[in-house]
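Have a look at the structure below before the remarks.
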Amino acid sequence: MKALSIIALLLCLINFIQCTDLEINTFYIFTKYRMFYSFNTTTGLPIKSQQAPKDSNYYFYGSLSANAEKNTILFLVQDTEKQKDGLLEYDIEANKFTPLNFIEDCYGGYEFPQVWAYDEAYNFAALPSNVMNDETGQLSIFVWNFTSSELITNTLQTGPLNQFAPAYPVGSYDPTTGNYYIVYVQNEKQFNSGTTLIVYNMWTQQVVQQPVYFDILFYAPAVDFVNGQLFFMETSAFGNYQIYTVNVQAKTVTLVYTIASGKFKIPGNLTSIYGALKNSIVLFSSATANHFTTSVMDLTSQMIHSAPAYASTTLDIGYEWISGGF
Ligand SMILES: *[C@@H]1O[C@H](CO)[C@@H](O)[C@H](O)[C@H]1NC(C)=O
Ligand SMILES: *[C@@H]1O[C@H](CO)[C@@H](O)[C@H](O)[C@H]1NC(C)=O
Ligand SMILES: *[C@@H]1O[C@H](CO)[C@@H](O)[C@H](O)[C@H]1NC(C)=O
């Protein structure tokens, strides 16, 4: 029995078998020009590479969720003709968009390649951001409320954000508590070369964790809150990816995992290489210029499955913006 489990562990480590029932089996990329690419995160092989329909006037902000059974992705978009924001479902197999719920307003601010908050039960999507053209702008949470059909801005008393920081505000939403874990970079000299965490409850609209400063700066930050544990991640396509556990009380972070990357031919062509779903995350990496790998990590067990590298000299993903896993 013991020998068997050791063999199983060894096989896991060299990635022969799928070790845990990972929640993510597919990594996808959706570009500015609506190219859709997906990869099998077990085998590392491409599943789809297709041009999505271009006939309608949508601007894509980000993706909110995906449904593995239906093979669909839910995007938050702006109908640029009607100036209304709403939900657009993408059927991958049929390669077809279906407009769902639209609100009577549209967003004019910044959004970055990042994971969005989406609460199906409470019927809203949300995003932490800088306010456009406002040098003294504080952290603002924008809420697309599909019940009241309006876009709401909740500005928190964080003091001004650093507009020139490499990082931008990102968050991780916990739909079981309504808590939104958000990191940003303050403008104040003493704190502008590190990361600040704030936790805001979307249901009660109250700050439930006052700002906590960490002495670490990320270029493409990602946050995930899983099973009572907070994680910070560096996901910049220009280097290796790093995954840290966060001790909020002690205001410290601990590096738990590094994924070798940073060899994309043109890293600027890949602005989002990350996805999160339930307890798992997925990262798309390149250990050499012509090898692409997906790694799925279960943050609860910290088990990782890196797919065998997919070798291609022709894969040219550009103007990439939205990515995710399902
Ligand atoms: C990935 O490939 C494996 C092995 O061929 C297959 O069993 C699995 O269904 C594939 N998953 C997806 C999401 O395509
Ligand atoms: C959305 O609007 C409804 C109806 O006005 C309100 O009850 C609810 O609290 C709003 N949700 C958020 C997250 O602001
Ligand atoms: C990748 O970036 C380069 C330089 O910015 C650009 O010329 C090229 O067209 C991009 N590739 C794609 C597929 O967009």
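Remember, it's 1-based here, ligands and their atoms both numbered in the order they're listed.
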* salt bridge (Lys or Arg N to Asp or Glu O under 4.0 Å) contacts in which one or both residues fall within residues 240-266, not counting sequence neighbours -> none
* Please indicate whether any nitrogen or oxygen in Asn145 is less than 3.5 Å from any nitrogen or oxygen in ligand 2. => yes
* Asked: Can you tell me how far CD1 of Ile103 sits from CG of Asp79, rounded to the nearest 0.5 angstrom?
  -> 12.0 Å
* Asked: Just distances here: any N/O of Asn40 and N/O of ligand 1 closer than 3.5 Å?
  -> yes
* **Gln205 to ligand 2, any heavy atom closer than 4.0 Å** => yes
* Asked: If you count only heavy atoms, which residues are under 4.0 Å from ligand 3?
  -> Ile266, Asn269, Asp316, Gly318, Tyr319
* Which ligand 1 atoms, with their elements, are less than 4.0 angstrom from a heavy-atom of Ile47? -> 14 (O)
Side chains of residues 166-173: which donor-acceptor pairs under 3.5 Å do they make with residues two or more places apart or in other chains?
from, atom 1, to, atom 2, distance (Å)
Ser172, OG, Asp224, OD1, 3.3
Ser172, OG, Phe225, N, 3.2
Tyr173, OH, Asp119, OD2, 2.5
Tyr173, OH, Trp203, NE1, 3.0

* Asked: If you measure from each heavy atom of Phe124 to ligand 2, is any distance below 4.0 Å?
  -> yes
* Tell me whether the centres of the aromatic rings in Phe232 and Tyr244 are closer together than 6.0 Å. => no
* To do: Report yes if the distance between the aromatic ring centroids of Phe97 and Tyr90 is under 6.0 Å, otherwise no.
  => yes
* Contacts of type salt bridge (charged side-chain N to carboxylate O under 4.0 Å, His left out), residue Glu69, not counting sequence neighbours -> none
* Numbering the atoms of ligand 1 from 1, which are under 4.0 Å from a heavy atom of Thr26? -> 13 (C)
* Is the distance between the ring centroids of Phe146 and Phe124 under 6.0 Å? -> no
* Look only at the side chain of Ser286 and the backbone of His291, and say whether a donor-acceptor pair between them is shorter than 3.5 Å. => no
* Using a cut-off of 6.0 Å, state whether more than 12 heavy atoms not belonging to Lys278 lie near its atom NZ. => no
